[in-house]
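All heavy atoms count here, side chains included; hydrogens, waters and symmetry mates do not.
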Amino acid sequence: MRKSILAAGAIVVAAGLAFTGCSAGGGGGGDSSNKVLTIGMPNGPQAPNQNPLATGSASLSLGYAYVVYESLMQINELHPTDEPTPWLAESVEWNDDSTQAIITARDGVKWSDGEDFTADDIAYSIQLRKDTPELNIDFPDQYGDISVDGNQVTVDFTTSQYVNRDKLYKLLIVPEHIWADVDPVQFTDDEMIGTGPYLLDQFTPQSVTMKPNPGYWGGQPKVGTLRYDTFNDNNGLTTALTTGEAQWGWTFIPDYENTFIAKDPEHFHQVAGGGFGVDVLYLNNETKPFDDPAFRQALNLVVDRAEISEKAGYGVWPQISNVTGLPQPSGDAYIAPEFDGAELEVDVDGAKQLLTDAGYTWDASDKLVDPDGTAVTFTLTNPAGWSDYLSALDIIKAGAEELGATATVEPAVQDTWFNDIIPFGNFQATLHWTDGGSTPWNLYSNIMDGASYVPLGETANWNFGRYQNDAVTQALAAFKGASDDATRAEAMQVIQDAFVNDAPGLVIWSRPAVAQYSTVNYTGFPSEDDPYANPQPTGPQAALILSKLEPTK
């Protein structure tokens, strides 16, 4: 297999762990191979912060948090409607309106310092998030009572979590006996006491090594040494993957078939899956020129998504065709009837007519002038080194120029973009992803939800463009809280009407989970024939994937 695009309609994840105590072979001694598996990420030098709950920490940025700490359940993000696989929880049972979850803790699990893992650790990890808003990204102000009875934890929510069940399954659980005595926000977690298959061995700003956890409840990992190397940008990681220096990772590789696969067609693979994830051009709805819906709609009509997918995405990112912004076929069942078959098409004349009707004019140099008499200019911003995003911005810039607007592409320092530009709304237009989820709710909520609105200058977790529409906010809440399909369909109609007619942000392309890997040293990664998990190493699924890897002879 030279490349794999995972088909929809899938193969269900096999339940249970596959770590065994069998001899690994492949030059390995004992139960684990001595072949190193190096995971690469293009995230630059890292500070020694191992906190698995703090956004931006090294352990989350590179992904090694997910082999030390584990989630309640494993979900297959490629097929979000599949039943979850038990992990630290043996089961999670929901009530009818999804306002209460009863979690049963797995027996026989120990923390890596020898202490027993219990239901109290689960309750503590959730209570910690409830008590610490900075760490409660997934359920802000939505936790109710949290109680323990034997090996079961009952979690009440203030609103229905029908659309957020996966987020509960993916929560990483930390030990109460360590974390109860520290500040969870400032804690750098140098020792990393977890339940997962690996322990922290050595840390440097450029490389982190992990060793097997001898007391792991799932048995001895067959990968004897895990190493996480960080590279300055996509090009650096691409070189590492094509030379074999790194054997697993995720980076955008232009012309990946010639650049990567062709270097070793037998062993090099790139896989991609479906789902609801997209990349969005977030438009700052509270500053010129994007405070005017007419200009947002006009720009939407001149963005050439086919060219962006082909030239900036090299076909890795599928084109979005429907005006609702939904990826297809994942989103087909959710497209409102009036938008079924309504395609996004480049229409410069239509865009200019929209602007004319809204009071825009053109000066003697054919530059666009807004109704206030100001020339229309804006800046498109994304981190330097994110070549697919920057190439897409160049094509969007060219579309804006068709209207007479002056656009500038301005690369930013990655840390600045993450910590200042995106959360505080210090941009006019910027590309950013959305959450996937098991329905389109996350896609639209991340762009349009008034429940996530904060004024410019305050930290936003989503709705980076500061869109406000009470009808949409109510419809998103109705979809999330509904217990029947008819209510959800009615809400989706309201949401999509606003998305199409207000253009609060522009969905640019579909963003399936993509990863590259080499099978020179280990086999068993997700593939076209066995799409059992999101193939990327930076998520709770890393523990599941590692349980399936086998050393080569």
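With 3.5 Å as the limit, one finds a donor-acceptor pair spanning the side chains of D497 and Q493. In summary, the side chains of Q50 and Y64 do present a donor paired with an acceptor at a separation below 3.5 Å, with no hydrogens or angles considered. In this structure, a donor-acceptor pair under 3.5 Å is present between the side chains of D97 and T99. Checking D470 against Q474 by side-chain atom types alone, no donor-acceptor pair falls below 3.5 Å. A donor-acceptor contact under 3.5 angstrom links the side chains of N234 and T251, judged on distance only. Between the side chains of N322 and T324, at least one donor N or O lies within less than 3.5 Å of an accepting N or O.
To the nearest 0.5 angstrom, I137 atom CD1 is 11.5 Å from S452 atom OG. Note that the CD atom of Q100 and the CG atom of D145 stand 9.5 Å from one another [nearest 0.5 Å]. With values rounded to the nearest 0.5 angstrom, Y314 atom OH is found 12.0 Å from I253 atom CD1. To the nearest 0.5 Å, atom CG of residue L380 and atom CG of residue L281 are 6.5 Å apart. To the nearest 0.5 Å, atoms CD (Q127) and CD1 (I122) are separated by 14.0 Å. Put simply, NZ on K311 and CD1 on I395 are 6.5 Å apart, with the number rounded to the nearest 0.5 Å.
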Problem - Steps toward side chain to side chain contact (heavy atoms under 4.5 Å, CB included) verdict (F464, I421) - result: CA-CA 10 Å; F464 300 120; I421 293 174; over 6 Å; no

Practice task
For the pair L60 and Y66, evaluate side chain to side chain contact (heavy atoms under 4.5 Å, CB included) and give the outcome as yes or no after the intermediate values.
Solution key: CA-CA 8 Å; L60 289 179; Y66 300 104; 3.5 Å; yes

Problem - side chain to side chain contact (heavy atoms under 4.5 Å, CB included) between L506 and I396, worked out - result: CA-CA 11 Å; L506 311 185; I396 294 169; over 6 Å; no

Practice task
Could you give me the CA-CA distance, side-chain angles and deciding distance for N534 and Q536, then say whether side chain to side chain contact (heavy atoms under 4.5 Å, CB included) is met?
Solution key: CA-CA 6 Å; N534 175 335; Q536 296 181 343; 3.4 Å; yes

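The shortest heavy-atom contact between S160 and G481 is CB-CA, 3.3 Å. Nearest heavy-atom pair, P526 versus P535, reported as atom, atom and distance to 0.1 Å: CG-CA, 3.9 Å. Nearest approach of V174 to P52, heavy atoms of both residues: CG1-CG, 4.1 Å. Heavy-atom minimum distance, P184 versus N51: O-ND2, 2.8 Å. Residues W362 and Y360 approach most closely at CZ3-O, 4.0 Å, considering heavy atoms. Across all non-hydrogen atoms, the minimal contact from F252 to S387 is CD2-OG, 3.8 Å.
At least one side-chain heavy atom of I447 sits less than 4.5 Å from a side-chain heavy atom of F499. Proximity of V507 to Y444: side-chain heavy atoms (C-beta onward) are nowhere separated by under 4.5 Å. When side chains are defined from C-beta on, K167 counts as touching N442, because their heavy atoms get closer than 4.5 Å. For the pair D449/T473, a side-chain contact is recorded, criterion being any heavy-atom separation below 4.5 Å from C-beta on. A 4.5 Å side-chain heavy-atom check between K352 and V348 finds at least one atom pair inside the cut-off. Side-chain contact between Q46 and L62: present, with at least one pair of heavy atoms (C-beta onward) separated by less than 4.5 Å. At least one side-chain heavy atom of I308 sits less than 4.5 Å from a side-chain heavy atom of V303. At a threshold of 4.5 Å between non-hydrogen side-chain atoms, the residues K170 and E77 count as touching.
Using modelled atom types, one side-chain atom of N285 and one backbone atom of L283 make a donor-acceptor pair closer than 3.5 Å. When atom types are taken as modelled, the side chain of Q428 and the backbone of K288 share a donor-acceptor pair closer than 3.5 angstrom. With hydrogens and angles disregarded, a donor-acceptor distance shorter than 3.5 Å links the side chain of S309 to the backbone of W317. Side-chain atoms of E93 never come within 3.5 Å of backbone atoms of A101 as a donor-acceptor pair (strictly under, hydrogens ignored). Under a 3.5 Å cut-off, the side chain of E307 and the backbone N or O of R305 do not form any donor-acceptor pair. Formation of a donor-acceptor pair under 3.5 Å by the S125 side chain with backbone atoms of I173 is not found in this model. No donor-acceptor pair under 3.5 Å is formed between the side chain of W417 and the backbone N or O of I422. At least one donor-acceptor pair under 3.5 Å links the side chain of T439 to the backbone N or O of W441. Judged purely by atom type and a 3.5 angstrom limit, N446 uses its side chain to pair as donor or acceptor with the backbone of D435. Between the side chain of T381 and the backbone N or O of T430, no donor-acceptor pair lies under 3.5 Å.
L456 is linked by a side-chain contact (heavy atoms from CB on, under 4.5 Å) to N284, E286, T287, R466, counting only residues two or more places apart in sequence or in another chain. Here S321 pairs with Q319, Q328, E343 under the side-chain contact (heavy atoms from CB on, under 4.5 Å) rule; sequence neighbours left out. Listed by chain and residue number, W94 satisfy the side-chain hydrogen bond (donor to acceptor under 3.5 Å, both in side chains) test with Y169 (two or more places apart in sequence, or in another chain).
Under the side-chain contact (heavy atoms from CB on, under 4.5 Å) test applied with R511, the options I320, V280, D279, V316 reduce to a single match, D279. When the options L301, L354, L355, D366 are evaluated for a side-chain contact (heavy atoms from CB on, under 4.5 Å) with L403, the one that passes is L355.
Classification of the F290-F378 ring pair by plane angle, with boundaries at 30° and 60°, yields perpendicular. Between Y69 and W179, the ring planes are perpendicular. Angles over 60° get that label, and only those under 30° would be called parallel. The aromatic rings of W386 and W433 lie tilted to each other, with the angle between the two planes from 30° to 60°.
Counted within 6.0 Å of CG on D96, heavy atoms from surrounding residues, nucleotides or ligands total 12 or fewer; the atom is thus considered open. A 6.0 Å sphere centred on CG of D183 holds more than 12 heavy atoms belonging to other residues, nucleotides or ligands.
Both tests pass for R488 against the ring of Y162: distance under 6.0 Å to the centre and angle within 45° of the axis.
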